[in-house]
Every structure is written in C-alpha cells, then in structure tokens.
Trainee: 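Sharing a structure with you now.
The basis for the numbers below is simple: all heavy atoms, side chains too, and nothing from hydrogens, waters or symmetry mates. Lettering of chains follows the sequences in order, A, B, ..., and the numbering in each one begins at 1. Note that the coordinates shown come from a computational prediction; the quantities given were computed from them, not determined experimentally.
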2 protein chains.
Amino acid sequence: MGRWQPGAQGRLQQAAMELIVERGYDGVTVAEIAERAGLTERTFFRHFADKREVLFAGQEQFAAGVVEALTAAPPQLTPLEAVVAGLAAAGTWLNDERRAGSRVRQGVIDAHPELQERELIKLARVAAAMATSLQERGVGHAEAVLAAEAGMAAFRLAFTRWVDDPGEHDLPWHLDAAVEGLRAVVA
Amino acid sequence: MGRWQPGAQGRLQQAAMELIVERGYDGVTVAEIAERAGLTERTFFRHFADKREVLFAGQEQFAAGVVEALTAAPPQLTPLEAVVAGLAAAGTWLNDERRAGSRVRQGVIDAHPELQERELIKLARVAAAMATSLQERGVGHAEAVLAAEAGMAAFRLAFTRWVDDPGEHDLPWHLDAAVEGLRAVVA
DNA sequence: CACCTTCATGTCAGTCGCTGACATCCCTAG
DNA sequence: CTAGGGATGTCAGCGACTGACATGAAGGTG
C-alpha cells in the first residue's frame, strides 16, 4: 500500500459511529465523517450509496446468511419453522460479543426516523427474499409472504428483547419465545 | 378568498401525482410541482414536511380510523381479532371507487425505494399504535406487538390482492382471507 | 528497468431538497 | 377604519448527492 491507507470503508464506518454518538446523526455532515477517516466527501459516496448506508453495511451478509440457512433447512419443516431456522442463523452473527455494539447502534437508529426507514426496508427485503425461497420449495405465494413477515415480526421482537435484556439468553432463545408468543396470539 | 386560491394542499397533491406519473418521481422537482399548483417551492414545504410526504397525505386519517375502530372493538375479542376489526375499518375508506387511484399510487410507490421506505414506516407506526391500544385493554407487550404486526402483514397482503384483482371482492374480504392464511401458516 | 494499465482517490462544479428570516397582503375582528 | 393574524412570497444559505475529469500508486509486461 502506498497512496491509500487500506480499510477505507471500515474507517468511514468507525468515524461515522464515533461522530454520530458524539453529536447525533443530524449534527454530523458527510464531509466531517470523511475528514475524520482521512478521505474526502466524494470518496464517502463511492463506498456508500448515501449517508444512512454507512450504518447498515454488513446487512447484506446478514440477509445472505438468513436466506442460505432457510434454503438449507430440511424440506419437511413447515414454512414458519423454516423461516425461524433461517432467522436463527442470524444468532451466530449476533452473538454475545456484539450485544453492546448492537445496543449502541440500535439506539442511534431508534433516535432518527430516517434511519428507522432504512432499517425497515432492509428487513422487509430480507422477508421478501425468504418468501421467494419458500416459494421455491413449493409454498404458495400467500403462505410464503405471511410466514416470512410473521417470522420477521417475531425476529424484531426477539432482537429488541435480546439487546435490552441483561444477557442471560441468546438471540435464538428470544426468537423461540417470540414465535411461541406468535402461535399463542394467532391461534 | 382573495389573494390565495383555496385548496393549496390538494392542488399540490394533484400536481405532484400528474407530474410523477408523467416523468417519474426522480424526474420531478419540488419547484415544478409548486409551479404547476400556482405556488412556490417554499409554500410546498409549509404543507408537506418533505417531498415524499405529498404522496402520503391522508394517511393520518387512515391511522386514526384504524386505531379508533380497534379501541371501539368489543373487549372479548382476541388481540388478533381486535386488530383485524380495526384494519377492516380501513375498508370503508378504501372502497371500490378508490381502487383505480390506489393502484396508480401504489405503482408509483413500488417503483421508488424512497417511497417504499416512507410507506413502511407509516404502516409500522400504525402497527405500533395498534399495539399500544391493545396494551391499554390489558394485552401483554409481546402479544400486543405480535398481534399488531401479524395483522398488519395480513393487511398488506390483502391490500396488494385487492388492488391487483379484477375487483370481485372488497378489501375486508381479502383481509379475512389473508388472516385465514395466517392462521394456517402459524398453527 | 521502463512502460502501461488499472483503480481508488481527489478536485470541481453543479443540482436539488430543505430551512430560517423577513416582507407582503388579504381577511376578519373590534 | 384600523389592527392583527395567517397564508404566501422572497432571498440567502447549508448539506446531500452526482457527473466529469485529473492524479498517482500498485502491479504486470516487455
């Protein structure tokens, strides 16, 4: 390496998190983030499609992992069971070491509607991908969509609980609890 | 009236829809919308918080109507039944006369991710309001959240079907069908 | 070693969304 | 008739984002 320090994208993410925690999302400009990372504003937008996206990098891996686990799930599982199996795979990534970081990040997102919008569409895209995968195993369209979205609702509840709770249980445990609650409510 | 033509907000909405259908959301500037409505860009932003919002006016009434119907639902209903009762009230507003308009509007939204984001957060807020209302009638937090979000998933599927289908059935009919599908999938 | 290609980055100018501050002018209350 | 309020216009400015072009380092080829 010579002209460029490696890891530009990671530096931008770290700089963004630091500055946003200090001053809030609206109190930070893209130029400032880039400057702290030793780059220019223009380069920021070569790594991230927009300002919000700097907080959501890595989400593609999450989505891919979930869909992969869902696709690999045994065919005899019910649609909802398969969805839960897929989402449970996220527990591998969201392990106890990442809990504190997840809490900080979620606090930032919860404080800014623009970031909530981005989060919602990301999760909706994961749900849509799960629904497509379910259809490929023969599940009807309506059932696939409903299983994917209901499972995603359970996952969101489970994630909230996992982030906030003192940490006795891991994410898959909370997910199972949420799915149990879902069955109770829908039955 | 004298200096101002009445119905500025409505004129802005109509101008926006016309222009967006012609050139697409990204091909239209706020200044152009305002100009077609006989107003200035600054006035546009006095009526709508941002450019996207011009396509979502009236949503507050929708949300208020749903929550009101949910609150008024008989106490002996299960949480999910109460949510469905609330959402079914939207069928009064989304009647057959509005089906064509809803299809056009939904086509615009489906073509632009920024608009999908806004739609998702609006629906999520309705779901959150429904969950709060459920908690006020004694439902636990987890059950309230899950019933509200599962019901909202059914509503979204029902709305899609209602908008696209040749129109033999009304929205409440599609909603019942979706809820039945939900029960089948979760059970 | 000299040369060339590639590619991440820098530079610059410009558009557009959005906001604060202040002025304008009609309508209505008194 | 006058005073005040409310909707609008005007203007200046910031920040997000983009296209076009220039730069310089890394790596391969002769």
Trainee: Can you check whether B/T43 has a side-chain N or O nearer than 4.0 Å to OP1 or OP2 of D/dT8?
Mentor: no

Trainee: Check whether any side-chain N or O of A/H47 sits under 4.0 Å from OP1 or OP2 of C/dT9, and answer yes or no.
Mentor: yes

Trainee: Rounded off to whole Å, could you give me the CG-to-C1' distance for the B/L55 and C/dG17 pair?
Mentor: 15 Å

Trainee: Could you check how far CD1 of B/I20 sits from P of C/dG17, rounded to whole Å?
Mentor: 11 Å

Trainee: Indicate whether the side chain of A/H141 and that of B/R161 have a donor and an acceptor atom separated by less than 3.5 Å.
Mentor: yes

Trainee: With rounding to the nearest 0.5 Å, note down the distance linking CZ in B/F62 to CZ in B/F56.
Mentor: 12.5 Å

Trainee: Whole angstrom is fine here: how far is it from CG in A/D50 over to P in C/dC18?
Mentor: 13 Å

Trainee: Identify whether any heavy atom of B/A31 sits under 4.0 Å from a base atom; if not, whether one sits that close to sugar-phosphate; answer base, sugar-phosphate or nothing.
Mentor: nothing

Trainee: With the side chain of B/L39 defined as its heavy atoms from C-beta on, choose the nearest nucleotide among C/dG17, C/dT9, D/dG9.
Mentor: D/dG9

Trainee: Would you mind telling me which of C/dC16, C/dG10, D/dG9 lies closest to the side-chain atoms of A/R46?
Mentor: C/dG10

Trainee: Using whole Å, report how far CD of A/E41 lies from P of D/dC17.
Mentor: 9 Å

Trainee: Using whole Å, what does the distance between atom P of nucleotide C/dG10 and atom CD of A/E35 come to?
Mentor: 12 Å

Trainee: Measure the distance from CZ on A/F45 to P on C/dT9 and round it to the nearest whole Å.
Mentor: 15 Å

Trainee: Minimum heavy-atom separation for B/V28 to B/L19, with atom names?
Mentor: CG2-O, 3.4 Å

Trainee: Using whole Å, what does the distance between atom P of nucleotide C/dC16 and atom CD1 of B/I33 come to?
Mentor: 12 Å

Trainee: If you check the A/K51 side chain, which of C/dC16, D/dC17, C/dT9 turns out closest?
Mentor: D/dC17

Trainee: A/E114 CD to D/dG15 C1': how many Å, rounded?
Mentor: 12 Å

Trainee: Go through B/E119 and B/Q106 one step at a time and tell me if the side chain to side chain donor-acceptor pair (under 3.5 Å) criterion holds.
Mentor: CA-CA 10 Å; B/E119 166 133 304; B/Q106 201 59 34; 2.9 Å; yes

Trainee: Starting at the 5' end of DNA chain D and moving along, which residue's nearest nucleotide shows up first, A/R42 or B/R42?
Mentor: B/R42

Trainee: Would you call the rings of A/F48 and A/F44 parallel, tilted or perpendicular if under 30° counts as parallel and over 60° as perpendicular?
Mentor: tilted

Trainee: What's the closest nucleotide to the B/T40 side chain, out of C/dG17, D/dT10, C/dT9?
Mentor: D/dT10

